[in-house]
Amino acid sequence: MKIAALALQQPTLLAPLAGISNLPFRLLAREAGCGLVTTEMVSADGLVHGSPPSFDLLRSLPQEKPLAVQIFGSDPAVMAAAAAIVEASGADVLDLNFGCAVRKIVRAGAGVALMRQPRRAEAILRAVRRAVKIPLTIKIRSGWEPGGREALALGSLAEDCGVDALTLHPRTAAQRFSGRADWRLIAALKQRVRMAVVGNGDIRSAADAARMMAATGCDAVMIGRRAIGYPAIFTEIACYLAGCPLPLPDFNQRMATMRRFVLTSASCLGEERTARLMRTRLAWFAKGMRNSAEFRQAAGRIDSIAAALELIEAYRQAGAAAAEDSGTVPITSAAPCHPPLWPTAG
């Protein structure tokens, strides 16, 4: 998988998830083998006006490279100026949001609103392309109609404007995340354009990722909701596509991932902010595991890093004791298909 001259180690991308794909989570995704991680979407207006929260979203570490930064906005000049700021920050890829269906974003004329404004969309694409030399990508939806006519038209327009790759989430603006993603539209777009096409939507397993690539011909897949609390999905996809054994579920490994997430968050975000975040974030990692409801309730009372680590250790010990009482043997994961990309903390 290549985006312009940038070659990815794996044909997998982490979706730009608002409030989720922050620096600590991106590091987990890269450690798990994700080919390209993406920031939360960043306001172009915020960058141009020097908003500290917007610039905070650009914070990065070498271990997460390559990194894509996604920006959103509706003014061509502002988008171009923000794009230059992103390039100067050291991003490897610039991604433009043409697919967000959140009402506040759409009302401002950004996100998926641009899919029914082809002239403005073209002005943004050409202005941004002139402003940066790094690879340029866009993320879109089916559009406002189920047939996907707007997506196909925008794909061709983007290619004409010099965009290097496009990610398609084949749901309409009205669907948001409901219903089924229409993978047939990804296939139609891939046949229509020469640039790389990334498929997104309804990938819940490594087999789903392989099935999407086979059915649509897309060059890579983008994972969003499935990666929340389960970054190992990227390891599983890499192994599945390579034909090597999938890692087996490993309770202790999931506990270790939780611990690394807490420690890395504390290092990147500070203890007070991390303690607040862990009240909800740790629940992601416990989903589907034994006694997860009790764990989530306890997580909601976290008030320090020490408390978060103590909760994880107590949950790990309880799980080990339950396995011993039931006579089960602790499961050991198969060897990963790649080495860790950043040092394990703690």
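Computation of the quantities below employed the complete heavy-atom set of this structure, encompassing side-chain atoms and omitting hydrogens, waters and symmetry-equivalent molecules. Values in this document were obtained by computation on a predicted structure and should not be read as measured data.
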*asked:* Membership question, hydrophobic clusters at under 4.5 Å side-chain separation (ILVMFWY): are Leu13 and Tyr230 in the same one?
replied: no
*Write down the atom of Cys239, the atom of Leu246, and the distance for their closest heavy-atom approach.*
CB-CD2, 4.0 Å
*Atom pair OG1 (Thr264) and CD (Gln63), whose distance is rounded to the nearest 0.5 Å*: 9.5 Å
*Verify, without hydrogens or angle tests, whether Asp208 (side chain) and Arg204 (backbone) share a donor-acceptor contact under 3.5 angstrom.*
yes
*asked:* Quick check against the 3.5 Å criterion: does Ser142 have a side-chain atom that pairs as donor or acceptor with the backbone of Arg171?
replied: yes
*Which pair of non-hydrogen atoms, one from Ala83 and one from Leu94, has the smallest distance, and what is that distance?*
CB-CD2, 3.4 Å
*Spatial distance of atom CD (Glu31) from atom CD (Glu64) [nearest 0.5 Å]*: 13.5 Å
*In Å and rounded to the nearest 0.5 Å, what is the CE to OG distance from Met41 to Ser54?*
11.0 Å
*With sequence neighbours excluded, residues passing side-chain hydrogen bond (donor to acceptor under 3.5 Å, both in side chains) with Ser89*: none
_Minimum heavy-atom distance between Ile186 and Gly199, given as atom pair plus value_ = CD1-CA, 3.8 Å
_Between Arg26 and Ser21 (side chain of the first, backbone of the second, donor and acceptor by atom type, cut-off under 3.5 Å), is there such a pair?_
yes
_Can you tell whether the side chains of Asp56 and Arg273 come within less than 4.0 Å, N to carboxylate O?_
yes
*Counting distance only, does the side-chain N/O of Trp144 pair as donor-acceptor with the main-chain N or O of Val112 below 3.5 Å?*
yes
*Which heavy atom of Ala206 sits nearest a heavy atom of Tyr240, and at what distance?*
CB-CB, 3.7 Å
*Minimum side-chain heavy-atom gap Phe25-Arg281 below 4.5 Å*: no
*Leu282 versus Met258: any side-chain heavy-atom pair under 4.5 Å?*
yes
*asked:* Checking the side chain of Thr274 only, and the main-chain atoms of Ala266 only, is there a donor and an acceptor separated by less than 3.5 Å?
replied: yes
*Supply the atom-to-atom distance Thr167 OG1 to Leu36 CG, rounded to the nearest 0.5 angstrom.*
9.0 Å
*Would you mind listing every ring pair (Phe, Tyr, Trp, His ring centres under 6.0 Å) that reaches into residues 276-303, with sequence neighbours excluded?*
Phe261-Phe285, Phe295-Tyr315
*Could you go through the salt bridge (charged side-chain N to carboxylate O under 4.0 Å, His left out) check for Glu122 and Arg119 one step at a time?*
CA-CA 5 Å; Glu122 181 177 4; Arg119 290 185 179 178; over 6 Å; no
*Any donor-acceptor pair under 3.5 Å linking the side chain of Arg59 with the backbone of Cys268?*
yes
*Would you say the side-chain atoms of Asn97 pair up with the backbone N or O of Gly111, donor to acceptor, closer than 3.5 Å?*
no
*asked:* Between Phe72 and Cys100, is there a side-chain heavy-atom distance shorter than 4.5 Å?
replied: no
*Where do Leu17 and Gly224 come nearest, in terms of heavy atoms and distance?*
CD1-O, 3.7 Å
*Evaluate the side-chain contact (heavy atoms from CB on, under 4.5 Å) criterion for residues Ile233 and Ile203: first the C-alpha distance (whole Å), next the side-chain angles of each, then the deciding distance (0.1 Å), finally the verdict.*
CA-CA 10 Å; Ile233 183 65; Ile203 297 177; 5.7 Å; no
*Intermediate values then yes/no, side-chain contact (heavy atoms from CB on, under 4.5 Å), Cys218 and Met213*: CA-CA 5 Å; Cys218 66; Met213 295 181 75; 3.9 Å; yes
*Report the distance from atom CE of Met255 to atom CD of Glu313, rounding to the nearest 0.5 Å.*
10.0 Å
*Check the surroundings of atom NZ in Lys287: do more than 12 heavy atoms from other residues, nucleotides or ligands lie under 6.0 Å from it?*
no
*Quick one: do Asp219 and Lys2 make a salt bridge, cutoff under 4.0 Å?*
no
_I'd like to know if Ile124 and Val78 are part of one continuous hydrophobic network [Ile/Leu/Val/Met/Phe/Trp/Tyr, side-chain heavy atoms within less than 4.5 Å]._
no
*Side-chain (Thr172) to main-chain (Glu145) donor-acceptor, under 3.5 angstrom*: no
*Do you know which two heavy atoms are closest between Leu185 and Ala151, and how far apart they sit?*
CD2-CB, 4.2 Å
*Excluding sequence neighbours, so at least two apart, what forms side-chain hydrogen bond (donor to acceptor under 3.5 Å, both in side chains) with Arg129?*
Asp164
*asked:* Is a donor from one side chain sitting under 3.5 angstrom from an acceptor on the other, for Ser156 and Arg192?
replied: yes
_Looking only at side-chain N and O atoms, does Gln253 offer a donor or acceptor that is under 3.5 Å from a partner on Thr257?_
no
*Check whether any side-chain heavy atom of Met1 lies under 4.5 Å from a side-chain heavy atom of Val198, and answer yes or no.*
yes
*Can you get from Leu168 to Ile3 by hopping between Ile, Leu, Val, Met, Phe, Trp and Tyr side chains that sit under 4.5 Å apart?*
no
*Are side-chain heavy atoms of Ile302 and Leu311 found at a separation under 4.5 Å?*
yes
*May I ask you to test the Val163-Met195 pair for a side-chain heavy-atom distance under 4.5 Å?*
yes
*Go through the steps for Glu150 and Arg116 under the test side-chain contact (heavy atoms from CB on, under 4.5 Å), then give the verdict.*
CA-CA 7 Å; Glu150 291 159 322; Arg116 53 184 177 187; 3.9 Å; yes
*asked:* Nearest 0.5 angstrom please: Ile312 CD1 to Arg260 CZ, how far?
replied: 11.0 Å
*Transitively linked via ILVMFWY side-chain contacts under 4.5 Å: Val102 with Met79?*
no
*Tell me, with the steps shown, if Asp202 and Arg180 meet salt bridge (charged side-chain N to carboxylate O under 4.0 Å, His left out).*
CA-CA 7 Å; Asp202 291 349; Arg180 293 179 62 87; 5.1 Å; no
*Quick check: does any side chain N or O of Ser51 sit under 3.5 Å from a backbone N or O of Leu47, one acting as donor and the other as acceptor?*
no
_Walk me through whether Arg316 and Asn252 qualify under side-chain contact (heavy atoms from CB on, under 4.5 Å)._
CA-CA 7 Å; Arg316 187 195 67 78; Asn252 286 329; 3.5 Å; yes
_Heavy-atom side-chain contact between Leu67 and Val69 under 4.5 Å_ = yes
*Quick one: does Asn200's side chain get under 4.5 Å of Val221's, heavy atoms only?*
no
_By the definition side-chain contact (heavy atoms from CB on, under 4.5 Å), identify the one residue from Leu96, Asp95, Leu154, Leu189 that meets it with Leu166._
Leu189
*Phe234, Met222: one ILVMFWY side-chain cluster at the under-4.5 Å cut-off?*
no
*Short side-chain to backbone donor-acceptor contact, Ser267 and Leu263, under 3.5 Å*: no
